[in-house]
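Whatever order the structure lists them in is the order used to number ligands and atoms, beginning at 1.
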Amino acid sequence: MTSQTPSDCLFCKIVAGEIPSDRVAESERSIAFRDISPAAPIHVLVVPRRHEPTVGALAAVSAEDLADVFRLASRVAEQEGVADAHRMIVNTGSDAGQTIFHAHVHLIAGAAFSEGRML
Ligand code: 5GP
Ligand code: ZN
């Protein structure tokens with residue numbers, strides 16, 4: 001677990017602008033961009049600028065960064081017109097579907113939620 005920026009982290013490269021992304025919002029501590037492979041009509045990833053491998057690790061080192069990720073996700077939900085109907089999903093560990101080990105929250109909306117799992 002490290003708070004340094006690993007040179008091989010995809011989301012660190014997106015935060016730095018070294019890899020392009022469809023950015024929809026940002027704050028001093030976090031950025032939000034559209035998922036390259038959306039699971040629903042609205043699928044935005046909200047990522048702290050600080051590198052931590054999981055949301056739990058982020059919570060352990062910075063309550064402010066953790067809060068900011070969810071604050072920005074809520075702002076994006078409002079921006080996208082889905083403040084009243086969305087999910088925020090966090091996958092932790094490869095067995096739970098985490099593929100990028102830089103903390104992030106999935107904001108998902110624009111689809112019916114009655115059919116169980118979406119990710
Ligand atoms: P995880 O499975 O780790 O919770 O979520 C990682 C997400 O990152 C996946 O939904 C995947 O589609 C998305 N993703 C992977 N590579 C890229 C990329 O280069 N750009 C963007 N915008 N999303 C990506
Ligand atoms: Zn990173």
Peer 1: Is it true that atom CD of Glu28 has more than 12 heavy atoms of other residues, nucleotides or ligands lying nearer than 6.0 Å?
Peer 2: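 No.
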Peer 1: Counting C-beta onward and ignoring hydrogens, is there a side-chain heavy-atom pair between Val105 and Ile89 closer than 4.5 Å?
Peer 2: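 No; the side chains remain at least 4.5 Å from each other.
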Peer 1: Kindly indicate whether the side chain of Arg75, heavy atoms from C-beta on, has any atom under 4.5 Å from the side chain of Ser27.
Peer 2: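 In short, these two side chains touch, coming nearer than 4.5 Å.
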Peer 1: Is the backbone of Ile31 close enough, under 3.5 Å, to the side chain of Glu26 for a donor and an acceptor to pair up by distance?
Peer 2: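 Not at all, since once roles are kept as given, no pair shorter than 3.5 Å links the two residues.
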Peer 1: Just which atoms of ligand 1 are under 4.0 Å from any heavy atom in His104?
Peer 2: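 In order of number, 1 (P), 3 (O), 4 (O), 5 (O), 6 (C).
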Peer 1: Looking only at distances, can you tell me whether any N or O atom of Asn91, backbone or side chain, sits closer than 3.5 Å to an N or O atom of ligand 1?
Peer 2: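 Yes - when backbone and side-chain N and O of Asn91 are compared with those of ligand 1, one distance drops under 3.5 Å.
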Peer 1: For ligand 1, which atoms have a heavy atom of Phe11 less than 4.0 angstrom away?
Peer 2: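 Heavy-atom distances to Phe11 below 4.0 Å select 8 (O).
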Peer 1: Should the pair Glu64-Arg71 be classified as a salt bridge under the 4.0 Å nitrogen-to-oxygen rule?
Peer 2: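 A salt bridge links Glu64 with Arg71.
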Peer 1: Compute the shortest N/O to N/O distance between Leu45 and ligand 1 and return yes if it is under 3.5 Å, no if not.
Peer 2: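 There is no such contact.
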Peer 1: Please report, to 10°, the angle around the Zn ion (ligand 2) from atom ND1 (His102) across to atom SG (Cys12).
Peer 2: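 Answer comes to 110°, rounded to 10°.
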Peer 1: Looking at the Zn ion (ligand 2), which N/O/S atom of His51 is the nearest one?
Peer 2: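 His51's closest N, O or S atom to the Zn ion (ligand 2) is named ND1.
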Peer 1: Do His102 and His104 pass the ring pair (Phe, Tyr, Trp, His ring centres under 6.0 Å) test, and can you show the C-alpha distance, the side-chain angles, and the key distance before you say yes or no?
Peer 2: CA-CA 6 Å; His102 178 130; His104 56 280; 7.9 Å; no
Peer 1: Between Val44, Thr99, Ile108, flag the one that comes closest to atom 3 (O) of ligand 1 by a heavy atom.
Peer 2: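 Checking each option, the heavy atom nearest atom 3 (O) of ligand 1 is found in Thr99.
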Peer 1: Heavy atom of Gly97 under 4.0 Å from ligand 1?
Peer 2: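 So Gly97 counts as touching ligand 1.
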Peer 1: Can you sort out which atoms of ligand 1 are near Ser37, meaning under 4.0 Å from one of its heavy atoms?
Peer 2: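 This gives 12 (O) as the contact atoms.
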Peer 1: Is the shortest heavy-atom distance from the side chain of Phe33 to the side chain of Val46 under 4.5 Å?
Peer 2: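 Not touching, per the 4.5 Å side-chain cut-off.
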Peer 1: Taking heavy atoms and a distance under 4.0 Å, where does Leu10 meet ligand 1: side chain, backbone, both or neither?
Peer 2: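 Side chain only.
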Peer 1: Strictly below 4.0 Å, N to O, side chains only: are Arg34 and Glu80 in salt-bridge contact?
Peer 2: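 Salt bridge flag = yes for Glu80 with Arg34.
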Peer 1: Pairs of nitrogen or oxygen atoms closer than 3.5 Å, one from His106 and one from ligand 1: do any exist?
Peer 2: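 There is such a contact, yes.
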Peer 1: I need the contact type for Phe33 against ligand 1. Using non-hydrogen atoms and a strict under-4.0 Å cut-off, is it side chain, backbone, both or neither?
Peer 2: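 Looking at Phe33 and ligand 1, just side chain atoms fall under 4.0 Å.
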Peer 1: Hey, does the side chain of Glu52 reach the backbone of Ala59 with a donor-acceptor pair shorter than 3.5 angstrom?
Peer 2: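 Not confirmed, Glu52 side chain does not pair with Ala59 backbone.
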Peer 1: Applying a heavy-atom cut-off of 4.0 Å, say which part of Asp22 lies close to ligand 1: side chain, backbone, both or neither.
Peer 2: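 Neither part.
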Peer 1: Quick test of your reading of the structure: of Arg23, Arg34, His43, whose heavy atom lies closest to atom 22 (N) of ligand 1?
Peer 2: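 Of the listed residues, Arg34 has the closest heavy atom.
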